[in-house]
Amino acid sequence: MGGKTAVPEERTDVLVGLEEYCREVGIELDEAAADGMRAYWRMVLAANERMNLTRITGDLDAVLKHFVDSLTVLLTGLFSVGARVVDVGTGAGFPGVPLKLARPDLRVVLVDATLKRVRFLETVIGHFGWRDVQAVHARAEMLARDPETAGTFDVAVARAVASLDKVVTWSVPLVRPGGHLVAMKGPEVEDELAGAERALRRMGARVADVRRLALPREAGRRTLVVVRREP
Ligand code: SAH
């Protein structure tokens, strides 16, 4: 399957304003990154006709709620050069694919339990020719028990996947001691934080930061829950 055929030539008529809205939250995109995001979004839209990848299809909504939202994980400052990152429950590739496009130095593993989404992500990886990105069809809790993958990541990210206690249980074992999980949540996290206390203790982790932010154009409030696996 040559993923390239799915991407029409014109590249600038989608994700209008992407660069400006990213700048508004403090993220600079270079031209290659922005072009990549437009090509990727076209692939998502084309594939979305055949399979359920996303309910968000309006252009401004896509810019704000998929791309800017995904890239806010960079504001944590946790992604050192060449870091190994796992996106748990990546779906159509959020936040992992925008993250890789913004930061080509990152090595990324995209994990999802749904095979058709993983197949789609393989065409995306092929399109960009990435050798340091993998799409893995697995349940995160199985990977967490696999000695090949457990403890090998610097950072785990998870957006809209499950309650915080589950995300902690599945993701903390994937990161190395001293590594981090960034759970991307909506505005209200107090109950989830309380509900995750046991899981955090069991996994030998603690909440290192709770960062609240607002997407541009009042597209919503978000919370980045940063969890650190104790060294
Ligand atoms: N992170 C994406 C997708 C969210 S939908 C986004 O923000 O757009 C949740 C995704 O998590 C689905 O694609 C589902 O297949 C996946 N998922 C749910 N439980 C999972 C698990 N235990 N292991 C791996 N993937 C899981």
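Atoms considered below: every heavy atom in the structure, side chains included; atoms not considered: hydrogens, waters and symmetry mates. Computed from a predicted model, the values in this text were never measured in an experiment. In listed order, ligands and their atoms are each counted from 1. Residue numbers start at 1 and run along the sequence shown.
Using a non-hydrogen distance threshold of 4.0 Å, Gly93 does not register as a contact of ligand 1.
Checking Thr76 against Arg211 by side-chain atom types alone, no donor-acceptor pair falls below 3.5 Å.
Contacts between Glu141 and ligand 1, counted as non-hydrogen atom pairs separated by less than 4.0 Å, involve the side chain only. Contact annotation for Thr90 and ligand 1: only backbone heavy atoms (N, CA, C, O) come within less than 4.0 Å of the ligand.
Against a heavy-atom cut-off of under 4.0 Å, Gly91 is close to the following atoms of ligand 1: 3 (C), 13 (O).
Taking the six-membered ring for Trp and thresholds of 30 and 60 degrees, Tyr40 and Phe94 have ring planes inclined between 30 and 60 degrees apart.
Taking atom 5 (S) of ligand 1 as the reference point, the nearest protein heavy-atom neighbour is Ala160 O, 3.6 Å. Nearest to atom 14 (C) of ligand 1 among the protein's heavy atoms is Asp112 OD1, 3.5 Å. In terms of protein heavy atoms, atom 23 (N) of ligand 1 is closest to Ala140 N, 2.8 Å.
The distance from atom CD of Glu19 to atom CD of Glu24, rounded to the nearest 0.5 Å, is 13.0 Å.
The one candidate from Val155, Leu99, Val133 that meets the side-chain contact (heavy atoms from CB on, under 4.5 Å) condition with Leu106 is Leu99.
An N or O contact shorter than 3.5 Å is missing between Ala92 and ligand 1 by distance.
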